[in-house]
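The structure appears right after this line, and notes come after that.
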Amino acid sequence: MRRFLSLSLALWLVWAWADAPAWISRAETITPTDLRAHLEFIASDELEGRDTPSRGLELAGMYIVSHLQRWGVKPAGENGTYYQTLRFRTDAIDPAETRIRIGGQSFEYGVGFVARPVALNATAPLVYVGNGWSNPDKGIDPYAGLEVQGKVLVVQAGYPKEVVEQGLDAAQTAGWRSPEQNAEEKGALAILRIDPSDMERIERIARAWSQRRTLEGLDRASRVPVIVASAPMLDALFAGERVSAAELIRRANDNDPAPSFALSPSKQMSITLSVQTRTETARSVIGVVEGSDPALKREYVSIGAHLDHVGVSARGEDRIFNGADDNGSGSVALLEIAEAFATGPRPKRSILLLWYAGEERGLLGSRLFVERPTVPLENIVVNLNMDMVGRSKHAGDTNPRNRDLSGPNEVYVIGPNVASPDIGAVLKRVNEQYLRMELNPMYDSLSHPEQLFFRSDQYSFVSKGIPAVFFFSGLHADYHQVTDSVEKIDYEKMARVARTVFGLAWELADAPERPARVNLEGLLRRR
């Protein structure tokens, strides 16, 4: 009887899979066991948080390359290698030599204030300019009648309503000028921003603000530092003034117009921002699995994930930001996808595999790639991005910071509703044919406050008109914390996401037509 049942089950499986797409058997080679093995190295303490740049990030890249070589994935980086080198300038605050004095009181960096790393040594008067945004075409100019050259602009944090509704890119096209732009154009020395949300976490953001990296040849470093003051510094700043900082914050929270007033001309701020500058390099990893069609193999389906994380904390017992979910999960999922493509039959188009450096520092690796592509950019038909695809919300989890984690058979898909409907239709078909995951579109909107469509590497491709889809399992309490570690990963779910992305990539690579390209101008108008 047992033998009969086994034979019946085997026959049923043959029948059930008879009409299944051929790529499903390759997708099944992506396993939780292999994902765990890769991630336990990529997110280990020995890689020290994979900061950009760092020894740990370099080792992670070498680990990826060693596997690509073994599977026969061809190099697709610069000069016949697997690498594309990011060269950038790093400006770093020297906390010991950085301070601000107001009215006889001295404030330390990281306790009394934080500042973007732009060197400055000056004593200057201050001028209040509301939220600092202007739009001459609309008659909005908080600088009218004010002399701001050589002064410190005191700016209330926040955005005009129209800027929020349109988004930054579209608002600038419509004539809006930010406080930073106005400060540079009008010769101000610095901006002091009144930001109640940052005032409460000065020490926490000091590390993130202490360094700034700009890509060589692509970015221009700001010449005007932005300073965020602590509550004690604001008390010193507004001491003796007819309006207090607390009153300004209350009015801003109530959406009342900010009062028009002038700070005392005798009040000055002495600023010493000491900055150390160095030139550094890091490397993205790029490989290609060549397609099977003699003509279509010159086109590419690109699949990417950022390999970097945020490094090591300056204090605490557990100091290493392992980045198991962010984005060790996407990096090793991509590695398994690479093996599945490289060691089996090939679709018609080529598969371009990208492990970006520097995402955490401003999408540096993906931005460099689209500006200096190692394959013709017009031949890339789509970009699929995986960033944080390894976590699931557990039953009974009441932590509010885990509220939006997706479930064990759920993943957020960002892109089809915004700019990639052709890809969305293919994804729906792939999902119905195979694993039937819950594809949650919650973030797939330009009006969602998190604006995630613009916050990961796929947006670098969208900015060049290439349609893209972003897979994401959700923000959680361990996001950018030292507690983002391997034991919290749901490897079964990671495998399902990676298999689904593999199937989508295969179908797009094997399709007779490429997806429609993105109308970026229309997209920004909608934003």
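Sequential numbering from 1 along the given sequence is applied to the chain's residues. As the structure is a computational prediction, the values presented were derived from the model and not from experiment. The analysis underlying the following values was restricted to heavy atoms, covering all of them including side chains, and did not include hydrogens, waters or symmetry mates.
Side-chain atoms of S350 do not come within 3.5 Å of backbone N or O of V301 as any donor-acceptor pair. A donor-acceptor pair under 3.5 Å links the side-chain atoms of D219 to the main chain of L215, judged by distance alone. Using modelled atom types, no side-chain atom of Q458 and backbone atom of P467 make a donor-acceptor pair closer than 3.5 Å. When atom types are taken as modelled, the side chain of D325 and the backbone of Y479 share no donor-acceptor pair closer than 3.5 angstrom. Listed for the S473 side chain is no donor-acceptor partner under 3.5 Å among the backbone atoms of V411. With hydrogens and angles ignored, the 3.5 Å screen pairs a side-chain donor or acceptor of D484 with a backbone N or O of D326. Between the side chain of N131 and the backbone N or O of A157 there is no donor-acceptor pair closer than 3.5 Å. The backbone N or O of I140 lies less than 3.5 Å from no partner atom in the side chain of N135, so there is not a single donor-acceptor pair. The backbone N or O of K348 lies less than 3.5 Å from a partner atom in the side chain of D510, making a donor-acceptor pair.
S447 and S445 form a side-chain donor-acceptor contact under 3.5 Å, judged by distance and modelled atom types alone. Defined by atom type and a distance below 3.5 Å, a donor-acceptor pair is missing between the side-chain atoms of Q211 and T90. For the 3.5 Å distance criterion, the side chains of Q481 and T483 fail to qualify, holding no donor opposite an acceptor.
The ring pair (Phe, Tyr, Trp, His ring centres under 6.0 Å) pairs that include a residue from residues 373-418 are Y412-Y443, where partners are two or more places apart or lie in different chains. Listed by first and then second residue, the salt bridge (Lys or Arg N to Asp or Glu O under 4.0 Å) pairs involving residues 419-448 are R429-E507 (not counting sequence neighbours). Evaluation of the salt bridge (Lys or Arg N to Asp or Glu O under 4.0 Å) test over residues 382-396, restricted to residues two or more places apart or in two chains, returns R391-D478.
Evaluation of the side-chain contact (heavy atoms from CB on, under 4.5 Å) rule for A43 yields L39, R50, N322, A324, V486 as partners, not counting sequence neighbours. When the salt bridge (Lys or Arg N to Asp or Glu O under 4.0 Å) test is applied to D91, the partners found at least two apart in sequence or on another chain are R89, R212. In this structure F41 satisfies the ring pair (Phe, Tyr, Trp, His ring centres under 6.0 Å) test together with Y63, sequence neighbours excluded. When the side-chain contact (heavy atoms from CB on, under 4.5 Å) test is applied to E299, the partners found at least two apart in sequence or on another chain are L296, R349, V381, R514. By the salt bridge (Lys or Arg N to Asp or Glu O under 4.0 Å) test, K464 is found to be paired with E371, residues two or more places apart in sequence or in another chain being considered. For E48, there are no salt bridge (Lys or Arg N to Asp or Glu O under 4.0 Å) partners, not counting sequence neighbours. In this structure E492 satisfies the side-chain contact (heavy atoms from CB on, under 4.5 Å) test together with P32, D490, R496, sequence neighbours excluded. By the salt bridge (Lys or Arg N to Asp or Glu O under 4.0 Å) test, K138 is found to be paired with E162, residues two or more places apart in sequence or in another chain being considered. Judged as a side-chain contact (heavy atoms from CB on, under 4.5 Å), and not counting sequence neighbours, the contacts of A340 are T29, I30, F502.
When all heavy atoms are compared, the tightest approach of L57 to A282 is CD2-CB, 4.3 Å. Counting all heavy atoms, side chain and backbone alike, G175 lies closest to D137 at CA-OD2, 4.5 Å. Contact between G49 and I320 at its shortest, heavy atoms only, is N-CG2, 3.7 Å. The heavy-atom pair separating P347 from W506 by the smallest distance is CD-CZ3, 3.6 Å. Of all the heavy atoms in G407 and E410, the pair that sits closest is N-OE1, 2.7 Å.
Atoms CD and CD1, on Q156 and I194 in that order, are 5.0 Å from each other to the nearest 0.5 Å. Between I466 atom CD1 and N383 atom CG the span is 7.5 Å, to the nearest 0.5 Å. Between atom CG of residue L363 and atom CG of residue D457 there is a gap of 5.5 Å, rounded to the nearest 0.5 Å. Distance CG/L377 to OH/Y300: 11.5 Å, rounded to 0.5 Å. Here CZ of F453 is found 9.0 Å from CD1 of I414. Values are rounded to the nearest 0.5 Å. In this structure, the separation between CE on M386 and CD1 on I303 is 6.5 Å, given to the nearest 0.5 Å.
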Begin with the C-alpha distance, continue with both residues' side-chain angles, and end with the deciding distance and a verdict on side-chain contact (heavy atoms from CB on, under 4.5 Å) for E78 and Y83.
CA-CA 6 Å; E78 298 166 327; Y83 297 105; 5.9 Å; no
Tell me, with the steps shown, if K493 and S406 meet side-chain contact (heavy atoms from CB on, under 4.5 Å).
CA-CA 10 Å; K493 174 179 179 172; S406 54; 2.5 Å; yes
For I423 and L508: C-alpha separation, side-chain torsions, deciding distance, then whether side-chain contact (heavy atoms from CB on, under 4.5 Å) applies.
CA-CA 8 Å; I423 306 172; L508 291 167; 4.0 Å; yes
Mind running side-chain contact (heavy atoms from CB on, under 4.5 Å) on L335 and W355 for me, showing each step along the way?
CA-CA 9 Å; L335 192 57; W355 287 265; 4.1 Å; yes
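Residues H67 and E339 are not in side-chain contact: their nearest non-hydrogen atoms beyond the backbone lie 4.5 Å or more apart. Two residues are said to be in side-chain contact when any heavy atoms from C-beta on lie closer than 4.5 Å; R283 and L86 fail this criterion. A heavy-atom distance below 4.5 Å is not found between the side chains of L334 and S331. With a 4.5 Å cut-off on side-chain heavy atoms, Y356 and D308 do not count as touching. Side chains of F369 and F461 form a contact here, defined as non-hydrogen atoms less than 4.5 Å apart. The side-chain heavy atoms of V114 and I227, taken from C-beta on, include no pair separated by under 4.5 Å. Inter-residue side-chain proximity for W176 and Y159 is flagged as unmet; no heavy-atom pair is nearer than 4.5 Å. By the 4.5 Å heavy-atom criterion applied to side chains, N440 and F472 are not counted as neighbours.
Atom CD of E513 has 12 or fewer neighbouring heavy atoms from other residues, nucleotides or ligands inside a 6.0 Å radius. Residue-environment remark: CE (M442) exceeds the threshold of 12 foreign heavy atoms within 6.0 Å.
A salt bridge between R455 and E450 is present, with a side-chain N of the basic residue lying under 4.0 Å from a carboxylate O of the acidic one.
Ring-centre distance between W71 and F341: not below the 6.0 Å cut-off.
When L192, D195, I191 are each tested for a side chain to side chain contact (heavy atoms under 4.5 Å, CB included) with V155, only one passes: I191. For the side-chain hydrogen bond (donor to acceptor under 3.5 Å, both in side chains) with R361, the qualifying choice from T52, D51, T214 is D51, the only one to do so.
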